[in-house]
Amino acid sequence: MKMLERVAVIDFETTGLSPGQNGRATEIAAVILENGKIVGRYQSLMNAGAWVSPFIEQLTGISNKMLRTAPSAAKVMAEVADFVGWTPLVAHNASFDQKFWDAELALINRQRVQPFACSLLLARRLLPQAPDHKLGTLNAWARLPPAGKAHRALADAEMAANLTGYLANFIHAKHGLKHISHDFLCKLQKTPASKVADALERESCNPCR
DNA sequence: TGCCAGGCCCTCTTTAGGGCCTT
């Protein structure tokens with residue numbers, strides 16, 4: 001599977017649903033997906049000084065004790081931003097990860113340098129027959145490889161990467177696209193569901209592809 | 001006082017409401 005452009009798939013674990021006083025990152029993972037295979041991995045807990053509620057500890061398995069000895073959020077965000085570089089980003093429900101990525105980078109006076117594509121929006125358009133579009137459900141439904149404990153950053157990033165590869169393969173198999181760019185995924189995820197088939201048809205007829 | 005996310009998407013819609021998805 002060589003048709004998907006190299007992308008970086010990321011996943012955050014956090015203390016809440018929105019960045020701010022009560023929402024900080026606790027863990028991040030980034031995996032590099034190249035030719036449909038994971039060729040690089042970064043994963044780290046991060047200590048942002050935020051308190052982990054019992055609910056979040058139960059959900060993620062990440063505790064306040066674990067974060068006390070973790071490297072600082074500033075150090076981890078600098079490392080992961082360098083690891084990803086200019087590689088275009090993908091996340092499942094990217095609006096969530098994008099706001100934490102932007103917020104945590106802003107705290108170290110850095111800015112995002114690439115767009116995000118969203119595997120959730122793509123899956124809703126390309127796999128409407130799936131039981132639902134949760135990351136775990138889609139991976140099980142598509143019979144993708146198990147990736148470890150859900151709600152830990154590396155396992156979720158690997159699941160999202162496998163799903164992204166599956167979606168690219170689906171587009172290739174069904175519509176014959178030989179090269180799928182991150183830019184095309186970004187356009188496709190904004191296409192109304194009723195016009196997705198037309199968009200794929202147009203793209204596959206483009207003589208430049 | 002009471003509440004506390006927010007973008008996407010569908011529909012019994014568009015002068016709105018509610019479910020889905022992420023932690």
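Chain A is the first sequence line, chain B the second, and so forth, proteins listed ahead of strands; every chain is numbered from 1.
Note that OG1 of A:Thr191 is 9.5 Å distant from NZ of A:Lys187, once rounded to the nearest 0.5 Å. Note that CD of A:Glu13 and CD of A:Gln43 are 10.0 Å apart. Values are rounded to the nearest 0.5 Å.
The gap from the P atom of B:dA16 to that of B:dT1 amounts to 29 Å, rounded to the nearest Å. Comparing the P positions of B:dC8 and B:dC3 gives a spacing of 28 Å, expressed to the nearest Å. When the C1' atom is used for both B:dC10 and B:dT14, the distance is 13 Å, rounded to whole Å. B:dT23 and B:dG7 have their C1' atoms separated by 16 Å, given to the nearest Å. Separation of the C1' atoms belonging to B:dC9 and B:dC4 is 24 Å when rounded to the nearest angstrom. Taking atom P on both B:dC12 and B:dG19, the two are 14 Å apart, rounded to the nearest angstrom. Distance check on atom C1': B:dT15 versus B:dG2 gives 26 Å, rounded to whole Å.
A:Thr26 comes within 4.0 angstrom of no nucleic acid atom, judged by non-hydrogen atoms across all strands. Across all strands, A:Asp97 comes closer than 4.0 Å to no nucleic acid atom at all (heavy-atom distances). Within 4.0 Å of A:Ala193, counting heavy atoms only, lie sugar-phosphate atoms of the nucleic acid but no base atom. Backbone-only contact: A:Phe12 has heavy atoms under 4.0 Å from sugar-phosphate atoms and none from a base. Across all strands, A:Leu120 comes closer than 4.0 Å only to sugar-phosphate atoms, never to a base (heavy-atom distances).
The 5' end of DNA chain B is approached more closely, in terms of each residue's nearest nucleotide, by A:Ser95 than by the other of A:Ser95 and A:Asp156.
Taking a heavy-atom distance under 4.0 Å as the criterion, the stretch of DNA chain B touched by chain A extends 5' to 3' from B:dA5 to B:dT23.
Of the possible donor and acceptor atoms, one in the side chain of A:Asn162 sits under 3.5 Å from a partner among the backbone N and O of A:Glu158. Under a 3.5 Å cut-off, the side chain of A:Asn93 and the backbone N or O of A:Leu120 do not form any donor-acceptor pair.
A:Ile171 has its side chain within reach of A:Leu185: a pair of non-hydrogen atoms, C-beta onward, lies under 4.5 Å apart.
Using bins of under 30°, 30° to 60° and over 60° for the plane-to-plane angle, the ring pair A:Phe12/A:Phe100 lands in the tilted bin.
Evaluation of the ring pair (Phe, Tyr, Trp, His ring centres under 6.0 Å) test over residues 34-86 of chain A, restricted to residues two or more places apart or in two chains, returns A:Tyr42-A:Phe83.
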